[in-house]
Amino acid sequence: MIQHPLPIVVLISGTGSNLKAIIEQTIARNLPIVIQGVISNEPNALGLKTAHQAGIATYVLNHRDFSNRAAYDLALDALISKINPKLVVLAGFMRILTTDLVNRYRGRMLNIHPSLLPKYPGLNTHARVLAAGDNEHGASVHFVTPDLDAGPVIMQSRVPVLNADNAASLAARVLATEHKIYPIAILWFAQQRLRLENQGVIFDNQVLTQPILWPIVT
Ligand code: GRF
């Protein structure tokens with residue numbers, strides 16, 4: 001069977017290290033993925049440079065140019081529609097999306113969040129994990145639904161919290177695992193092994209009862 005590469009668009013706001021990992025993995029492993037465009041709400045996002053250097057089309061949609069969230073998301077929707085991806089990948093896109101936009105991309109929009117969801121949705125997860133005295137932390141890839149960081153989780157990485165950790169060291173350990181899991185989840189979507197149905201996440205034709213843990217033991 002000939003497999004057509006999955007056209008995706010990646011939305012960023014900053015460093016774009018997850019974007020970089022997706023680009024590198026796509027090339028290194030010849031994944032059936034084609035990044036059709038990278039959109040940033042921040043004009044100076046470092047990730048725009050990474051995309052440009054990789055020959056990927058870049059778009060800046062500065063939220064400061066819009067009077068409200070609904071107007072911004074309408075423009076964002078129009079831009080995404082123009083690029084016409086099969087999957088929208090949020091990779092450090094630091095904006096809350098309107099319900100309308102999220103619903104339009106139901107089952108076709110992924111996010112990565114630096115916590116073991118449902119624990120610690122929202123910001124400053126690493127500091128909150130340290131303050132709570134947890135002994136493990138991690139990252140989650142999930143389908144996006146209207147409630148912030150509350151969509152069905154596909155995959156998680158776990159890392160230990162060490163005595164000597166501060167928020168930065170813990171964030172770095174988690175981020176390194178984000179770079180492993182996000183390309184895998186996107187690959188599974190491209191291979192049609194992964195989808196969102198009313199019952200939840202379907203992986204290899206089974207409803208996922210809990211997130212897939214990385215590293216994957218087979
Ligand atoms: C990551 O920790 C991601 O989980 C969160 O924002 C950060 C983005 O990092 N949503 P980068 O821009 O991919 O380096």
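In what follows, every heavy atom counts, from backbone to side chain, and hydrogens, waters and symmetry copies are set aside. Whatever order the structure lists them in is the order used to number ligands and atoms, beginning at 1. FYI, the numbering just counts along the sequence from 1.
- Considering only non-hydrogen protein atoms, atom 12 (O) of ligand 1 sits nearest to G16 N, 2.8 Å.
- Here the protein heavy atom with the shortest distance to atom 6 (O) of ligand 1 is G92 CA, 3.6 Å.
- In terms of protein heavy-atom proximity, atom 2 (O) of ligand 1 is nearest to E178 OE2, 3.0 Å.
- For ligand 1, the polar-atom distance check against I112 finds a nitrogen or oxygen pair separated by under 3.5 Å.
- Side-chain contact annotation: D149 with Y120, donor-acceptor N/O pair under 3.5 Å absent.
- Nearest to atom 11 (P) of ligand 1 by heavy atom, out of S13, P114, S17, A139, is S17.
- Judged by distance alone, the side chains of D165 and S169 do bring a donor and an acceptor atom under 3.5 Å apart.
- Inclusion of A91 in the set of residues having an N or O under 3.5 Å from an N or O of ligand 1 is not warranted.
- When atom types are taken as modelled, the side chain of Y182 and the backbone of L110 share a donor-acceptor pair closer than 3.5 angstrom.
- Side-chain contact of T125 with S115: a donor-acceptor pair under 3.5 Å is absent, judged by distance alone.
- Looking only at heavy atoms of the protein, atom 9 (O) of ligand 1 is closest to N18 ND2, 4.0 Å.
- Counting heavy atoms from C-beta on, the side chains of V9 and Y59 never come closer than 4.5 Å.
- When ring centroids are compared, H126 and H137 come within the 6.0 Å threshold.
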